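Here is the structure we will look at.
What you see is a predicted model, and the numbers here were worked out from it, not measured in a lab. These numbers come from the heavy atoms of this one structure, side chains and all, not from hydrogens, waters or symmetry mates.
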Amino acid sequence: MGRRISEVFTHAELIEMHSAARRGEVRRSRVPLVTPLGRRVYQVSASPVPLAWGEGVFGAVMLLRDVTELDHAVQIKSEFVANASHELRTPVAAIRGAAETLELAVRDDVVMAQRVARMIVAHAGRLEELLRDLLDLTRLESPDVPLRIEPVDLGEIERSLRMLFEGVCAERNLKLVFEIDEDLVGAMGLKTDRKLLMLIARNLVENATKFAHEDTEVRIAVTMVEAEMPSARGVPHGGAWGATRGVIRWEVSDRGIGIPLGQQDRVFERFYQADAARTGSAKRGTGLGLAIVKHAAKALGGRVGLKSVWGQGTTVWAEIAVEFARSGEEGTRRVG
């Protein structure tokens, strides 16, 4: 109160907006300002205040609204659209070029026609993979992800993963090795959202099989890291029987080239892919797999992380909150 505008703000654009409002003009702008809390972005409106009697301007009102988080979200969305467009453009251009070549080669060069046809199929598969990941990520980034909490058989998930990655394991001579806590198999009555758990497991294993060296093992460990008991009475010492809630960790390790230390903090970002040298001859991914894992784990009340040693391999893990069915308990419930 009682201070001149030039004493409150030193930002030239704000002072000019105030002056314009005093002249009877309305101004609106988004202005970055350095504050004691750091750099913040403000939506600023400057409007004239008319005289109570007659014509003219009595003064000006400036309204500053902190929109830093909104501005950051808009920036992320813009980057997402730009990255998605770039990722889609590459296979589309390849398919178009291959189709044009096929049109000429199909009559005169059967071998070339077959090669081009395989190229079209491969890039179409990449498009399908990218669209699948985009849809998964879009669903998971919704503020309220609907959950379907139901009994989950980890043995069944293991069998599904073995079948899903049978082809790539045979092609690169990889071996999937599962290590699942006995307490978590069958009798515990593990309950969570099966689709989200499978989404986490599939993307972690897929990531590992792409970057593991050929003729190596990919190890999948599922362990209990926390269990909440309804009471100590009747619970065997050292066991998890009787638990109603808990946290499990899904950990996937590969023996590959690893991730450079400077890039490890960014691998859970959308479309971020580590240095091209990491992929070697492995299939290139969409850059969305670990972002999907992060958001799926978050939806299940969990978190993600990794540890990697350059030249030795990488372990990526996801911890999620789960429930355990009590004796005789059955059924499914929906959340959200």
Side-chain angles (χ1 to χ4, degrees), residues 1-89 130 133-147 196 262-273 286-288 290-305 321 335-336:
M1 296 290 289
R3 298 172 63 190
R4 298 181 59 84
I5 188 71
S6 57
E7 297 174 3
V8 179
F9 296 113
T10 57
H11 198 285
E13 185 175 357
L14 291 180
I15 295 174
E16 195 282 327
M17 291 177 68
H18 180 265
S19 299
R22 291 296 300 268
R23 297 193 300 267
E25 302 174 21
V26 176
R27 296 288 182 87
R28 292 185 177 85
S29 182
R30 187 165 292 191
V31 182
L33 296 175
V34 177
T35 75
L37 298 176
R39 182 183 180 277
R40 309 294 293 178
V41 179
Y42 290 89
Q43 184 71 41
V44 184
S45 299
S47 304
V49 178
L51 290 170
W53 295 276
E55 298 181 355
V57 176
F58 172 74
V61 171
M62 289 183 62
L63 176 65
L64 288 81
R65 179 185 175 210
D66 190 333
V67 293
T68 306
E69 284 71 24
L70 177 61
D71 186 75
H72 181 62
V74 170
Q75 182 181 355
I76 290 177
K77 182 178 179 181
S78 298
E79 292 175 354
F80 179 78
V81 171
N83 288 331
S85 300
H86 174 75
E87 291 293 331
L88 287 167
R89 187 182 299 118
L130 180 59
D133 287 351
L134 284 170
L135 289 172
D136 285 341
L137 190 58
T138 300
R139 179 170 63 91
L140 290 170
E141 287 185 327
S142 171
D144 300 308
V145 179
L147 301 180
L196 289 188
Q263 301 183 41
Q264 291 180 16
D265 289 340
R266 299 196 59 194
V267 295
F268 289 100
E269 296 178 12
R270 293 175 296 184
F271 287 111
Y272 185 82
Q273 300 195 53
T286 64
L288 295 174
L290 292 184
I292 290 172
V293 170
K294 180 182 73 173
H295 286 282
K298 182 180 178 181
L300 292 174
R303 61 193 185 115
V304 296
V335 179

Which heavy-atom pair separates [X] from [Y] by the least distance, and what is that distance?
X      : Y      : answer
Val304 : Ala297 : CG1-CB, 3.8 Å
Ala299 : Leu196 : CB-CD1, 4.0 Å
Ala21  : Ala60  : CB-CB, 3.6 Å

Notebook entry, point to check: Hey, are the side chains of His11 and Val34 touching, using non-hydrogen atoms and a 4.5 Å cut-off?
Noted result: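 With C-beta onward as the side chain, the pair stays apart.
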Among all residues two or more places apart in sequence or in another chain, which pass the side-chain hydrogen bond (donor to acceptor under 3.5 Å, both in side chains) test with [X]?
X     : answer
Ser29 : Glu13
Arg65 : none
Glu7  : none

Notebook entry, point to check: What residues form a salt bridge (Lys or Arg N to Asp or Glu O under 4.0 Å) with Arg23, not counting sequence neighbours?
Noted result: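 Only Glu16, Glu25 meet the salt bridge (Lys or Arg N to Asp or Glu O under 4.0 Å) criterion with Arg23.
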Notebook entry, point to check: Which residues satisfy the salt bridge (Lys or Arg N to Asp or Glu O under 4.0 Å) test with Arg22, sequence neighbours excluded?
Noted result: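 In terms of salt bridge (Lys or Arg N to Asp or Glu O under 4.0 Å), with neighbours along the sequence ignored, Arg22 is linked to no residue.
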Measure the spacing between [atom1] of [X] and [atom2] of [Y] and express it to the nearest 0.5 Å.
X     : Y     : atom1 : atom2 : answer
Arg4  : Phe9  : CZ    : CZ    : 14.5 Å
Leu14 : Met17 : CG    : CE    : 6.5 Å
Arg27 : His18 : CZ    : NE2   : 13.0 Å

Checklist line | Pairwise salt bridge (Lys or Arg N to Asp or Glu O under 4.0 Å) hits with a residue in residues 293-305, at least two apart | finding: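 Sorted pair list: Arg303-Glu319.
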Note to self: Quick test of your reading: applying salt bridge (Lys or Arg N to Asp or Glu O under 4.0 Å), list the pairs with at least one residue in residues 49-63, sequence neighbours left out, ordered by first then second residue.
What the structure shows: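 Passing the test, one end in residues 49-63: no pairs.
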Next item on the list: Spell out, as yes or no, whether a donor-acceptor pair under 3.5 Å connects the side chain of Thr68 to the backbone of Val41.
Entry: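 At least one qualifying donor-acceptor pair exists.
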Item checked: Partner set under side chain to side chain contact (heavy atoms under 4.5 Å, CB included) for Tyr42, not counting sequence neighbours ->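 Counting only residues at least two positions away or on another chain, Tyr42 forms a side chain to side chain contact (heavy atoms under 4.5 Å, CB included) with Leu33, Thr35, Arg40, Val44, Leu64, Asp66.
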Margin query: Which residues pass the side chain to side chain contact (heavy atoms under 4.5 Å, CB included) test with Leu51, not counting sequence neighbours?
Written below: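 Leu51 satisfies side chain to side chain contact (heavy atoms under 4.5 Å, CB included) with Phe58 once adjacent residues are dropped.
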Note to self: Would Val57 and Val49 count as a side chain to side chain contact (heavy atoms under 4.5 Å, CB included) here? Give the steps.
What the structure shows: CA-CA 6 Å; Val57 176; Val49 178; 5.7 Å; no
Note to self: Looking at Arg30, I'd like to know if its CZ atom is crowded, meaning that more than 12 non-hydrogen atoms belonging to other residues, nucleotides or ligands lie closer than 6.0 Å.
What the structure shows: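 Count over threshold, so yes.
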